[in-house]
K.L.:
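Have a look at the structure that comes next, please.
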Amino acid sequence: MKTWFYDLLKPIVRAYYFLVRGIRATGTENVASPGGYILCSNHVSASDPFVLATCVRRRLHFMAKAELFKNRIVGGFISAIGAFPIRRGESDLGAVRESIRLLNEGHVVGIFPQGTRSRDNAHTHMEPGVALIALRAGVKVVPAYIDGPYRLFRKTRVVFGAPVSLNDLGRRFDRATLDQATARLDKAIWDLKPAE
């Protein structure tokens with residue numbers, strides 16, 4: 001990651017989302033701890049990575065769909081701010097290894113486990129990849145909920161929950177364990193949804 005570019009853009013993006021778009025974040029103490037962890041959120045819009053990055057003081061590395069990197073300009077930009085590609089719809093071991101490497105180096109990895117955006121913010125299926133990475137790296141997962149969709153003149157709340165530990169599940173990676181871990185993370189995210 002070109003940290004100077006990330007650091008240059010962040011205050012500009014932060015000012016835009018907080019002052020113009022009315023983003024409000026709670027639970028930010030849950031994303032302030034040092035060391036590697038996964039930030040795991042629902043996925044409403046292409047703006048989500050930028051919104052989360054403005055709410056978290058630490059630098060984030062997001063998984064992004066591999067198709068975005070085919071465009072040299074877009075790919076170059078998102079690479080410069082710390083994104084790395086994942087091939088959706090298949091087992092992308094390269095993306096898994098890159099995630100684990102970043103986590104072992106003490107970085108924060110952002111993942112949208114729904115795999116794709118839900119523009120109406122529906123509670124859709126959660127892929128097991130985030131549970132696999134968390135179990136293999138032995139790190140906690142911080143759940144986040146974005147109360148989208150984004151609308152002009154409407155404040156959008158971002159809620160960060162308490163870190164979820166999967167240590168009690170051991171270092172097993174069988175389907176039953178991954179399903180149990182995924183269900184736990186899914187619940188942690190959607191339990192943050194504000195009451196209507």
Side-chain angles (χ1 to χ4, degrees), residues 1-18 20-21 23 31 36-56 58-105 107-134 136-137 139 141-151 156 158 160 182 185-186 189:
M1 176 195 284
K2 296 173 181 168
T3 56
W4 67 267
F5 188 56
Y6 188 103
D7 294 341
L8 176 69
L9 283 180
K10 186 163 184 174
I12 300 169
V13 176
R14 181 179 174 85
Y16 169 74
Y17 280 109
F18 275 82
V20 179
R21 301 304 298 266
I23 300 296
V31 289
Y37 66 83
I38 296 172
L39 179 61
C40 184
S41 173
N42 62 316
H43 199 9
V44 182
S45 162
S47 296
D48 294 344
F50 300 100
V51 169
L52 292 176
T54 63
C55 297
V56 178
R58 297 183 58 191
R59 295 187 186 101
L60 306 181
H61 298 260
F62 279 99
M63 278 188 179
K65 61 183 181 180
E67 294 87 341
L68 292 175
F69 293 83
K70 292 179 180 178
N71 181 302
R72 290 181 61 187
I73 296 174
V74 174
F77 174 75
I78 62 178
S79 293
I81 58 173
F84 60 98
I86 180 169
R87 297 189 305 275
R88 298 182 301 171
E90 57 183 284
S91 298
D92 189 344
L93 296 180
V96 172
R97 291 191 194 100
E98 178 64 7
S99 299
I100 294 172
R101 182 189 70 78
L102 289 165
L103 292 165
N104 287 340
E105 291 179 358
H107 297 289
V108 182
V109 174
I111 302 176
F112 298 104
Q114 289 171 285
T116 190
R117 297 189 299 270
S118 173
R119 296 183 190 280
D120 59 355
N121 206 13
H123 187 170
T124 57
H125 171 75
M126 182 169 168
E127 300 294 337
V130 63
L132 173 65
I133 293 167
R136 284 197 175 276
V139 297
V141 179
V142 176
Y145 179 81
I146 300 171
D147 191 26
Y150 305 105
R151 295 190 181 94
T156 298
V158 179
F160 298 101
T182 300
L185 297 176
D186 183 80
I189 292 172

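Everything numeric in this text was worked out from a predicted model, so none of it was measured. The chain is numbered in sequence order, starting from 1.
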K.L.:
Got a donor-acceptor contact below 3.5 angstrom from the Gln114 side chain to the Ala122 backbone?
P.N.:
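Here the side-chain-to-backbone pair exists.
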K.L.:
If I take atom OH from residue Tyr17 and atom CD1 from residue Ile12, how far apart are they, to the nearest 0.5 angstrom?
P.N.:
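So the gap between those two atoms works out to 13.0 Å.
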K.L.:
Which atom pair, heavy atoms only, marks the closest approach of Gly148 to Val44?
P.N.:
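Nearest pair, atom of Gly148 first, then Val44: CA-CG1, 4.1 Å.
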K.L.:
Check Ala66 against Pro85 and note the closest heavy-atom contact, atom names and distance.
P.N.:
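Residues Ala66 and Pro85, closest heavy atoms: CA-CB, 4.0 Å.
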K.L.:
Does the Asp186 side chain pair with the main chain of Thr182, one donor and one acceptor, at a distance under 3.5 Å?
P.N.:
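Between the backbone of Thr182 and the side chain of Asp186 there is no qualifying donor-acceptor contact (under 3.5 Å).
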K.L.:
Rounded to the nearest 0.5 Å, what separation is found between the CG atom of Leu68 and the CZ atom of Phe77?
P.N.:
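Separation between the atoms: 11.5 Å.
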K.L.:
Taking all heavy atoms of Pro113 and all of Val130, pick out the closest pair and write down the distance.
P.N.:
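Residues Pro113 and Val130, closest heavy atoms: CB-CG1, 3.9 Å.
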K.L.:
Indicate the atoms forming the closest heavy-atom contact of Thr124 with Ser118, along with that distance.
P.N.:
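What the structure gives for the nearest pair is CG2-OG, 4.3 Å.
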K.L.:
Show the nearest heavy-atom pair for residues Asp48 and His43, with the distance to one decimal.
P.N.:
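That would be OD2-ND1, 2.7 Å.
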K.L.:
Keeping the roles fixed (side chain from Arg117, backbone from Ser45), state whether a donor-acceptor pair exists under 3.5 Å.
P.N.:
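Checked: no pair found.
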K.L.:
Applying side-chain contact (heavy atoms from CB on, under 4.5 Å) to Tyr16 and Ile23, what does each step give before you reach the verdict?
P.N.:
CA-CA 9 Å; Tyr16 169 74; Ile23 300 296; over 6 Å; no
K.L.:
May I ask you to decide if Gly76's main-chain N or O and Ser79's side chain share a donor-acceptor pair within less than 3.5 Å?
P.N.:
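No.
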K.L.:
Would Lys70 and Glu67 pass as an ion pair if we require N to O under 4.0 Å?
P.N.:
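So Lys70 does not pair with Glu67 through a salt bridge.
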K.L.:
Test side-chain contact (heavy atoms from CB on, under 4.5 Å) on Arg58 and Tyr37; report intermediate values, then the result.
P.N.:
CA-CA 11 Å; Arg58 297 183 58 191; Tyr37 66 83; 3.5 Å; yes
K.L.:
Look up atom NE2 in His123 and atom CG in Asn42, then write down how far apart they are to the nearest 0.5 Å.
P.N.:
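Going from NE2 on His123 over to CG on Asn42, the span is 9.5 Å.
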K.L.:
Applying ring-ring contact (aromatic ring centres under 6.0 Å, His included), run through Phe62 and Phe112 and close with a yes or a no.
P.N.:
CA-CA 9 Å; Phe62 279 99; Phe112 298 104; 5.6 Å; yes
K.L.:
So which heavy atom on Phe5 is nearest to which on Ala80, and how close?
P.N.:
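Closest approach of Phe5 to Ala80, heavy atoms only: CD2-CB, 3.5 Å.
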K.L.:
Distance from Leu60 atom CG to Leu102 atom CG, nearest 0.5 Å?
P.N.:
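Answer for the CG-CG pair, Leu60 versus Leu102, is 11.5 Å.
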K.L.:
Between Leu52 and Leu39, is any pair of side-chain heavy atoms under 4.5 Å apart?
P.N.:
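They are in contact (side-chain heavy atoms under 4.5 Å apart), so the answer is yes.
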K.L.:
With a sphere of 6.0 Å drawn around CZ of Arg119, does it hold more than 12 non-hydrogen atoms of other residues, nucleotides or ligands?
P.N.:
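Result for CZ/Arg119: open.
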K.L.:
What distance separates Asp147 CG from Thr156 OG1, expressed to the nearest 0.5 Å?
P.N.:
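Answer for the CG-OG1 pair, Asp147 versus Thr156, is 7.0 Å.
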K.L.:
Can you tell me which residue among Ile189, Ile111, Val109, Ile133 is in a side-chain contact (heavy atoms from CB on, under 4.5 Å) with Cys40?
P.N.:
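The side-chain contact (heavy atoms from CB on, under 4.5 Å) with Cys40 is passed solely by Ile189 among Ile189, Ile111, Val109, Ile133.
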K.L.:
Would Arg14 pass as a cation-pi partner of Phe18, given that its NZ or CZ must be under 6.0 Å from the six-membered ring centre and within 45 degrees of the axis?
P.N.:
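The answer is yes; both the distance and angle limits are met.
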K.L.:
Could you grab the distance from atom NE2 of His61 to atom OH of Tyr6, nearest 0.5 Å is fine?
P.N.:
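Separation between the atoms: 8.0 Å.
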